A.B. asks: 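Handing you a structure now.
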Amino acid sequence: MIAPALGRLTAADFDRTKDFIAVGEQGAQAHQARLAALGHPAAQYAQWRQARKVPEPPPVVLDFVAFEGTELTNPARFANQMQSRPGELFDPAAAARDVRALAATGDYVRVDYHLAHTQDGHGLVLDMEDKHWGPNYLRVGLDLSTDFSGRSAFNIKLSHNRHWLTANGTEWRNRVQIGETPQLFSEIYHPLTRTMGTTNDWFVAGHVLGERRLQTLFDAQGIESSEWRRSSGRVGLDLGQPWGSFGEFRLGLLLQGGHNSPLLLGANFNGQAKSDNWREAGLRLRAVVDQLDFANFPQSGYRLEGEAVLGRRTTEQSSRMARLEGQATLAWTRGAHTLNLHGVVKAADAQSDNLVGPYTLGGFQQLSGYRPGQVAGNALLLGRLGWYMRVAQPPIFARALFVGASAELGQAWASRRDMKLSGLRGGGSFYLGADTGIGPMYLGLTWAPDGEPGLALFIGRP
């Protein structure tokens, strides 16, 4: 401690600052001189440190990689995708990446590792703890919307995933929706191999989907002309392969059909005022590439999704059928601001029934300011530029809070030959968002030049 003698200087001598500094410098120099007299020469000190240097541990070759602590899952399924493997040198960075990969599966509350020395040699032991609420996972969603004109709608969504039905990693995925659009979906996803690899991890997946919705049709002036009840169902069986953390592709058979019945017909309706049935059978190819850093409110990365269906359609007569659909999302962040660019293009060779077509737009961020399904056809374009910024310290239930806005352009046409950029409609939204444990949440205002202002509350993806 440096405590120079201040003599007659006191805390009241504000005008003698230079004297205080001079006394302090003299004391520091005297203290440094006393310390130098007690020190060792630099060479002798370096020799002392070298003598006490702890040697680097010899490299460890892993004889085994083991998994401990789990009773519900089979983490050995991921062994071939891990960077730490028997016969290779132990690398702490690789072990840390393997820990993060296991944690990202969503089945564990904790994943750690340590080196073990047993009679079998030196090994890496990955220790994990199963989630106490697994292997069944539930998620709840909610959609509420109103356009301030007396029209309101809601949907309540309940999702259930059952992981690890078998040691291969079989999953049972279910979704139930009640409200404006009742829906029931169920899928069994079964990997064909017990151990994941880079090229041999094939899977089969079978799914069923049933849906009922009210479809309102509009005339060329945007006036409601009729209301229909559309009931549809789908059954599919796919063979596919995941591409690790890159994405997946599927090839399978698809059977679907439906029934349309009129509920209200206005004087301005000029279509066929009768019920009809339709069926489709075809071959489906689907591919997804997903490199977004977050599923909800991504900060960077991209996602590409494409699907093609070829087959036959039967209404009053049988004909060939083809559909092509594609989506792309790109997100990038600069400072506190994130831009999200999203595009959708869909086209069918002919409508599947006597309504306006299978594709619809409208609702929050799907052409905001228009009612869900208000814009419909056999071909569709949608472009959306979104901006959001992380704000405030999130509450305990959310990863982050956001304020954001979107500008959208879109349109649907009766035929893909009619598609053109000159007829696009515009819409936009402003919202508060939160990324929570049950999914994203949105509270937003919507508006469109040719639509109506509205309010939307979403729990789940729009």
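What you see is a predicted model, and the numbers here were worked out from it, not measured in a lab. Residue indices begin at 1 and follow the sequence shown.
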A.B. asks: Is there a donor-acceptor contact under 3.5 Å linking the side chains of Asn174 and Ser186?
C.D. replies: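 Asn174 vs Ser186: donor-acceptor pair found between side chains.
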A.B. asks: Which value, rounded to the nearest 0.5 Å, describes the distance between Ile178 atom CD1 and Lys157 atom NZ?
C.D. replies: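 Those atoms lie 12.5 Å apart.
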A.B. asks: Hey, mind stepping through Asn378 and Ser415 against side-chain hydrogen bond (donor to acceptor under 3.5 Å, both in side chains) and telling me if it holds?
C.D. replies: CA-CA 6 Å; Asn378 295 289; Ser415 170; over 6 Å; no
A.B. asks: Under the side chain to side chain donor-acceptor pair (under 3.5 Å) test, which residues partner Arg97, sequence neighbours left out?
C.D. replies: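 Arg97 satisfies side chain to side chain donor-acceptor pair (under 3.5 Å) with Gln83 once adjacent residues are dropped.
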A.B. asks: Would you mind reporting whether Leu126 and Val65 have side-chain heavy atoms less than 4.5 Å apart?
C.D. replies: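 Answer yes - side chains close enough.
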A.B. asks: For the backbone of Ala153 and the side chain of Glu180, can you confirm whether one donor and one acceptor N or O come within less than 3.5 Å of each other?
C.D. replies: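 Absent.
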A.B. asks: Does CH2 in Trp164 sit with more than 12 non-hydrogen atoms of other residues, nucleotides or ligands closer than 6.0 Å?
C.D. replies: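 Enclosed: over 12 neighbouring heavy atoms sit under 6.0 Å from CH2 of Trp164.
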A.B. asks: Going by the angle between their ring planes, with limits at 30° and 60°, are Phe364 and Tyr431 parallel, tilted or perpendicular?
C.D. replies: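 Perpendicular: the ring planes of Phe364 and Tyr431 meet at over 60°.
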A.B. asks: Are His259 and Asn277 close enough that a side-chain donor and a side-chain acceptor fall under 3.5 Å?
C.D. replies: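 A donor-acceptor contact under 3.5 Å links the two side chains.
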A.B. asks: Do side-chain atoms of Ser152 reach the backbone of Thr146 as a donor and acceptor pair under 3.5 angstrom?
C.D. replies: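 Not a single qualifying donor-acceptor pair exists.
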A.B. asks: Can you name the residues that form a side chain to side chain donor-acceptor pair (under 3.5 Å) with Arg371, not counting sequence neighbours?
C.D. replies: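 Applying side chain to side chain donor-acceptor pair (under 3.5 Å) to Arg371 gives Glu224.
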A.B. asks: Would you say the side-chain atoms of Thr73 and Asp107 include a donor-acceptor pair closer than 3.5 Å?
C.D. replies: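 Checked: Thr73/Asp107 side chains show no N/O donor-acceptor pair below 3.5 Å.
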A.B. asks: Could you pull out all residues at least two apart from Leu324 that satisfy side-chain contact (heavy atoms from CB on, under 4.5 Å)?
C.D. replies: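 Once residues adjacent in sequence are excluded, the partners of Leu324 under the side-chain contact (heavy atoms from CB on, under 4.5 Å) criterion are Ala308.
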A.B. asks: Can you tell if the side chain of Arg229 reaches within under 4.5 Å of the side chain of Leu214, non-hydrogen atoms only?
C.D. replies: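 When only atoms from C-beta onward are counted, Leu214 and Arg229 do touch, with a gap below 4.5 Å.
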A.B. asks: Donor-acceptor check, side chain of Asp418 to backbone of Trp413, threshold 3.5 angstrom: yes or no?
C.D. replies: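 Such a contact is absent between Asp418 side chain and Trp413 backbone.
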A.B. asks: Before giving the answer on side-chain contact (heavy atoms from CB on, under 4.5 Å), spell out for Val235 and Val208 the whole-Å C-alpha distance, their side-chain angles and the decisive distance to 0.1 Å.
C.D. replies: CA-CA 5 Å; Val235 178; Val208 295; 4.1 Å; yes
A.B. asks: What heavy-atom pair brings Ala281 and Leu255 nearest, and what distance separates the two atoms?
C.D. replies: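 Taking Ala281 first and Leu255 second, the nearest heavy atoms are CB-CD2, 3.4 Å.
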A.B. asks: Judged by atom type as modelled, is there a donor-acceptor pair below 3.5 Å linking the side chain of Asp91 to the main-chain atoms of Ala93?
C.D. replies: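 Yes; judged by distance alone, with no hydrogens or angles, the pair exists.
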A.B. asks: Start with the C-alpha gap between Asn74 and Asn168, add the side-chain angles, then the distance that decides, and say whether side-chain contact (heavy atoms from CB on, under 4.5 Å) holds.
C.D. replies: CA-CA 8 Å; Asn74 175 31; Asn168 284 26; over 6 Å; no
A.B. asks: Is it true that atom CZ of Arg110 has more than 12 heavy atoms of other residues, nucleotides or ligands lying nearer than 6.0 Å?
C.D. replies: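 For Arg110, atom CZ is crowded (more than 12 foreign heavy atoms under 6.0 Å).
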A.B. asks: Side-chain contact, heavy-atom cut-off 4.5 Å: Trp447 with Pro449?
C.D. replies: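 Answer yes - side chains close enough.
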A.B. asks: How far does CZ of Arg313 sit from CG of Asp349, to the nearest 0.5 angstrom?
C.D. replies: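 Rounded to the nearest 0.5 Å, the CZ-CG separation comes to 5.0 Å.
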A.B. asks: How many angstroms lie between CZ in Arg175 and NE2 in His207, if you round to the nearest 0.5 Å?
C.D. replies: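 Rounded to the nearest 0.5 Å, the CZ-NE2 separation comes out at 10.0 Å.
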A.B. asks: Could you check if a side-chain atom of Trp228 sits within less than 4.5 angstrom of a side-chain atom of Ser275, using non-hydrogen atoms only?
C.D. replies: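 With C-beta onward as the side chain, the pair stays apart.
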A.B. asks: A side-chain contact here means heavy atoms from C-beta on lying under 4.5 Å apart; do Thr314 and Arg312 qualify?
C.D. replies: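 In short, these two side chains do not touch, never coming nearer than 4.5 Å.
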A.B. asks: Taking all atoms of both residues into account, what is the closest heavy-atom pair of Thr105 and Leu102, and its distance?
C.D. replies: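 That would be OG1-O, 2.6 Å.
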A.B. asks: With side chains defined as the heavy atoms from C-beta onward, is the minimum distance between Tyr370 and Leu361 less than 4.5 Å?
C.D. replies: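 With C-beta onward as the side chain, the pair stays apart.
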A.B. asks: With no hydrogens and no angle check, is any side-chain donor or acceptor of Asp127 less than 3.5 Å from a backbone partner on Asp112?
C.D. replies: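 No, Asp127 side chain to Asp112 backbone: no donor-acceptor pair under 3.5 Å.
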A.B. asks: Where the side chain of Asp98 meets the backbone of Met82, is there a donor-acceptor pair that is under 3.5 Å apart?
C.D. replies: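 Checked: no pair found.
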A.B. asks: Can you name the closest pair of heavy atoms from Leu237 and Gly206 and give their distance?
C.D. replies: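 In terms of heavy atoms, the two residues are closest at CD1-CA, 4.2 Å.
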A.B. asks: Checking Asp293 side chain against Gln299 main chain: does a donor-acceptor pair fall under 3.5 Å?
C.D. replies: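 Indeed, once roles are kept as given, a pair shorter than 3.5 Å links the two residues.
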A.B. asks: Go through the steps for Thr338 and Arg390 under the test side-chain contact (heavy atoms from CB on, under 4.5 Å), then give the verdict.
C.D. replies: CA-CA 9 Å; Thr338 299; Arg390 188 168 180 166; over 6 Å; no
A.B. asks: Centroid separation under 6.0 Å, is that true for the rings of Phe297 and Tyr442?
C.D. replies: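 Close enough - the centres of the two rings lie under 6.0 Å apart.
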A.B. asks: For the residue pair Ala331 and Asn340, what are the closest heavy atoms and their distance?
C.D. replies: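 Looking at all heavy atoms of both residues, the closest pair is CB-ND2, 4.3 Å.
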A.B. asks: Look only at the side chain of Asp435 and the backbone of Ala400, and say whether a donor-acceptor pair between them is shorter than 3.5 Å.
C.D. replies: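 No: the side chain of Asp435 does not pair with the backbone of Ala400.
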A.B. asks: Assess the residue pair Val289 and Tyr302 against the criterion (side-chain contact (heavy atoms from CB on, under 4.5 Å)); give the C-alpha distance rounded to whole Å, side-chain angles, the decisive distance to 0.1 Å, and a yes or no.
C.D. replies: CA-CA 8 Å; Val289 174; Tyr302 62 92; 3.8 Å; yes
A.B. asks: With a 4.5 Å limit on heavy-atom distance, are the side chains of Met441 and Leu142 in contact?
C.D. replies: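 They are not in contact (no side-chain heavy atoms under 4.5 Å apart), so the answer is no.
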A.B. asks: Would you confirm whether Glu307, through its side chain, and Arg284, through its main-chain N or O, come within 3.5 Å as a donor-acceptor pair?
C.D. replies: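 Side chain of Glu307 to backbone of Arg284, a donor-acceptor pair under 3.5 Å: no, none is there.
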A.B. asks: So, taking the atom named OG1 in Thr315 and the one named CD in Glu280, what distance separates them when rounded to the nearest 0.5 Å?
C.D. replies: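 Answer rounded to 0.5 Å: 10.0 Å.
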A.B. asks: Quick one: does Leu115's side chain get under 4.5 Å of His122's, heavy atoms only?
C.D. replies: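 Side-chain contact under 4.5 Å: no.
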A.B. asks: Would you say the side-chain atoms of Arg384 pair up with the backbone N or O of Gln365, donor to acceptor, closer than 3.5 Å?
C.D. replies: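 Yes.
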A.B. asks: Not counting sequence neighbours, which residues clear salt bridge (Lys or Arg N to Asp or Glu O under 4.0 Å) with Glu187? List them please.
C.D. replies: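 Salt bridge (Lys or Arg N to Asp or Glu O under 4.0 Å) list for Glu187, sorted by chain: Arg173, Arg250.
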A.B. asks: Could Asp238 and Arg286 be called an ion pair, given the rule that one side-chain N must be under 4.0 Å from one carboxylate O?
C.D. replies: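 Arg286 and Asp238: not salt-bridged.
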A.B. asks: So which atom in Gly427 and which in Leu367 form the shortest heavy-atom distance, rounded to 0.1 Å?
C.D. replies: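 Result for this residue pair: N-CD1, 4.3 Å.
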A.B. asks: Of Gln241, Arg77, Gln81, which meets side chain to side chain donor-acceptor pair (under 3.5 Å) against Asp201?
C.D. replies: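 The passing option is Arg77.
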A.B. asks: Would you please say whether a donor-acceptor pair under 3.5 Å links the side chains of Ser406 and Glu408?
C.D. replies: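 There is such a pair between these side chains.
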A.B. asks: If every non-hydrogen atom of Gly428 is compared with every non-hydrogen atom of Ser368, which pair is closest and at what distance?
C.D. replies: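 Shortest heavy-atom contact: O-CB, 3.2 Å.
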A.B. asks: With rounding to the nearest 0.5 Å, note down the distance linking CD in Glu211 to CD in Gln183.
C.D. replies: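 One finds 5.0 Å between CD of Glu211 and CD of Gln183.
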A.B. asks: What pairs with Asn161 under side chain to side chain donor-acceptor pair (under 3.5 Å), at least two apart in sequence or on another chain?
C.D. replies: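 Expected list: none.
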A.B. asks: State the CG-CG distance between Leu421 and Leu381, to the nearest 0.5 angstrom.
C.D. replies: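 Taking CG in Leu421 and CG in Leu381, the distance rounds to 7.0 Å.
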A.B. asks: List for me each residue that meets side chain to side chain donor-acceptor pair (under 3.5 Å) alongside Ser159, sequence neighbours excluded, and say none if there are none.
C.D. replies: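 Ser159 satisfies side chain to side chain donor-acceptor pair (under 3.5 Å) with no other residue.
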